[in-house]
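All remarks here apply to the structure that follows.
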Amino acid sequence: SNPNLQLKVANWESWAYTDGSFQAQDGKTVIGAGVYHPMSNSQNLVETNGGVITNTIGRAELAAIAAALAHEHTHVATNSLSSLQQLKKQILYPEKHRHH
């Protein structure tokens with residue numbers, strides 16, 4: 001262990017960690033998502049329910065974040081800057097998401 005490394009979040013175990021995935025299998029797009037909460041050791045696989053045109057990595061990432069919030073996690077970590085930007089835009093300017 002490196003003594004110069006420090007945790008950015010002291011209570012990291014209380015956070016929920018999300019991730020979405022995208023994969024091509026036999027010419028079809030398959031997406032999935034998951035939520036992991038270290039403190040409770042809970043793992044949730046998420047049904048993203050996308051159609052052919054909506055099977056995107058963005059949908060998978062947002063589905064994972066939505067699942068974490070649905071499981072009442074108040075601190076959610078994600079590696080998707082795009083999802084965070086979309087959520088911020090929806091909260092601050094909901095009228096801009098009328099057409100997509």
Quick check: do [X] and [Y] have side-chain heavy atoms less than 4.5 Å from each other?
X     : Y     : result
Asn79 : Glu61 : yes
Thr29 : Phe22 : yes
Val9  : Leu7  : no

Can you name the nearest heavy-atom pair linking [X] to [Y], along with the distance?
X     : Y     : value
Ile31 : Thr54 : CD1-O, 4.4 Å
Ile65 : Ser83 : CD1-CB, 3.8 Å
Gln86 : Leu62 : OE1-CD1, 3.4 Å
Val46 : Ala67 : CG2-CB, 3.6 Å
His37 : Glu13 : NE2-O, 4.0 Å
Trp12 : Tyr17 : O-OH, 2.9 Å

Gly34 backbone acceptor or donor facing Thr18 side chain under 3.5 Å: no
Lys96 NZ/CZ over Tyr93 ring centroid, <6.0 Å and within 45° of normal: yes
Matching residue for Val76 among Leu84, Val35, Leu69 - test: side chain to side chain contact (heavy atoms under 4.5 Å, CB included): Leu69
Could you tell me the separation between the [atom1] atom of [X] and the [atom2] atom of [Y], rounded to the nearest 0.5 Å?
X     : Y     : atom1 : atom2 : value
Gln23 : Ile57 : CD    : CD1   : 10.5 Å
His71 : Ser42 : NE2   : OG    : 7.5 Å
Glu95 : Gln90 : CD    : CD    : 9.0 Å

Partners meeting side chain to side chain donor-acceptor pair (under 3.5 Å) with Asn41 (sequence neighbours left out): Tyr36
Flag if over 12 foreign heavy atoms under 6.0 Å of CG, Asn2: yes
Which residues share a ring-ring contact (aromatic ring centres under 6.0 Å, His included) with His75, sequence neighbours left out: Trp15
